[in-house]
Amino acid sequence: MSATQEPSVCRPQPQRERRDVPSLVLVNTGDGKGKSTAAFGTIMRAVAREWPVGVVQFMKSGKWRVGEEAVARKLGVDWWTIGDGFTWESDDLDRSAGTAREAWAAAAEKLASGDYRLLVLDEITYPINYGWIAGDAVWQAIRERAEHTTVFCTGRNAPQPLIDLADTVTEMRKVKHAYESGVRARRGIDY
Ligand code: ATP
Ligand code: MG
């Protein structure tokens with residue numbers, strides 16, 4: 001392929017000095033599948049480098065997530081998940097809000113602690129968008145996090161201030177999803 005055909009996004013930028021930063025903020029958002037699983041895939045890379053890794057899960061269904069949680073725990077990942085209350089099927093919003101705030105307290109503590117080189121805040125956009133946790137507190141805690149803690153946030157409809165402060169933002173765009181043609185969530189693929 002000639003240089004003119006090469007997509008510009010793939011071309012190296014020779015003039016630009018590359019620098020190391022102590023940590024990054026990454027966001028996976030959008031309506032397509034793969035936000036959480038890509039963040040969990042990054043955990044494998046971090047574990048391979050013997051990084052201490054933490055996860056805080058802000059949403060949970062009774063049956064979902066157990067697969068990746070069990071494997072991550074085996075890998076030594078510190079996995080914090082809401083016990084009950086704030087679930088996809090929740091019909092008790094007060095209890096859900098309370099549980100979301102509990103999850104945020106755990107996340108805030110982990111962001112500041114310096115105990116992790118990778119911290120995944122899975123589905124954090126939902127309680128922010130529902131108004132259950134204060135976005136301003138989240139942006140501030142991420143900005144003031146321990147220097148070496150890379151933060152990976154997932155969830156649909158990432159709020160603009162989160163996008164603004166992030167270094168890397170990916171929007172998963174749904175082209176098709178099996179769910180729409182009536183296929184139920186699949187063990188081993190969806191949870
Ligand atoms: P995954 O956990 O598979 O990476 P995700 O984090 O991108 O998905 P969420 O919005 O967190 O997606 O959705 C949680 C669950 O819903 C997952 O089981 C996922 O497979 C499924 N899902 C993801 N995108 C869609 C979609 N567009 N329509 C229906 N279900 C979806
Ligand atoms: Mg997800």
Side-chain angles (χ1 to χ4, degrees), residues 24-48 53-75 77-93 96-97 99-104 106-108 110-111 116 118-133 135 138-139 142 150-163 165-191:
L24 294 167
V25 177
L26 301 98
V27 175
N28 279 354
T29 190
D31 63 357
K33 176 174 166 59
K35 298 175 289 295
S36 297
T37 44
F40 297 151
T42 306
I43 289 177
M44 291 180 60
R45 292 188 170 162
V47 167
V53 176
V55 174
V56 176
Q57 262 194 308
F58 284 81
M59 302 279 275
K60 190 182 179 183
S61 152
K63 58 181 190 294
W64 291 1
R65 298 287 180 266
V66 288
E68 51 263 46
E69 178 178 345
V71 171
R73 284 185 191 280
K74 276 188 208 160
L75 295 174
V77 172
D78 178 13
W79 189 291
W80 194 102
T81 192
I82 49 180
D84 58 3
F86 186 17
T87 73
W88 295 100
E89 292 110 22
S90 182
D91 48 11
D92 182 342
L93 290 186
S96 293
T99 316
R101 281 191 287 270
E102 236 177 80
W104 169 242
K110 289 179 193 304
L111 282 164
Y116 306 97
L118 175 63
L119 184 60
V120 175
L121 305 180
D122 188 40
E123 323 292 7
I124 191 175
T125 59
Y126 299 91
I128 299 170
N129 289 334
Y130 294 155
W132 290 343
I133 59 180
V138 175
W139 331 139
I142 292 176
T150 284
V151 187
F152 207 141
C153 300
T154 81
R156 291 177 190 212
N157 302 310
Q160 193 59 45
L162 182 61
I163 291 172
L165 75 82
D167 300 285
T168 298
V169 179
T170 301
E171 179 156 2
M172 305 290 179
R173 185 174 66 87
K174 184 195 66 189
V175 176
K176 284 172 94 170
H177 197 290
Y179 187 79
E180 288 170 337
S181 52
V183 180
R184 64 161 62 93
R186 253 183 126 81
R187 220 176 155 185
I189 298 294
D190 292 307
Y191 60 94

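First listed ligand is number 1; within each ligand, the first listed atom is number 1. On a predicted model such as this, the values are computed, not experimentally measured, just so you know.
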Which option wins on minimum heavy-atom distance to atom 24 (N) of ligand 1: R156, K35, K176? R156
Which one of G30, A178, G34, G32 has a non-hydrogen atom at the shortest distance from atom 1 (P) of ligand 1? G34
So is there a nitrogen or oxygen of K33 less than 3.5 Å from a nitrogen or oxygen in ligand 1? yes
Under 3.5 Å: N/O of T37 near N/O of ligand 1: yes
Return the set of residues passing side-chain contact (heavy atoms from CB on, under 4.5 Å) with A46 (not counting sequence neighbours), or none when no residue passes. W51, V53, L118
Sidechain-backbone polar pair: [X] side chain, [Y] backbone, donor-acceptor under 3.5 Å:
{"X": "R73", "Y": "W79", "result": "yes"}
{"X": "Y126", "Y": "N157", "result": "no"}
{"X": "S181", "Y": "H177", "result": "no"}

Please determine whether a side-chain nitrogen of the Lys or Arg among [X] and [Y] lies less than 4.0 Å from a carboxylate oxygen of the Asp or Glu.
{"X": "D190", "Y": "K33", "result": "yes"}
{"X": "K35", "Y": "D122", "result": "no"}
{"X": "E180", "Y": "K174", "result": "yes"}

Taking heavy atoms and a distance under 4.0 Å, where does [X] meet ligand 1: side chain, backbone, both or neither?
{"X": "F40", "answer": "neither"}
{"X": "S36", "answer": "both"}
{"X": "E123", "answer": "side chain"}
{"X": "T154", "answer": "neither"}

Mind checking whether the Mg ion (ligand 2) has an N, O or S of M59 under 2.8 Å? no
Any N, O or S atom of E123 closer than 2.8 Å to the Mg ion (ligand 2): yes
Against heavy atoms of [X], which atoms of ligand 1 measure under 4.0 Å?
{"X": "Y179", "result": "29 (C)"}
{"X": "Y126", "result": "10 (O)"}
{"X": "K174", "result": "27 (N)"}

Centre-to-centre under 6.0 Å for F58 and W132, is that the case here? no
Are there over 12 heavy-atom neighbours, none belonging to R45, within less than 6.0 Å of that residue's CZ? no
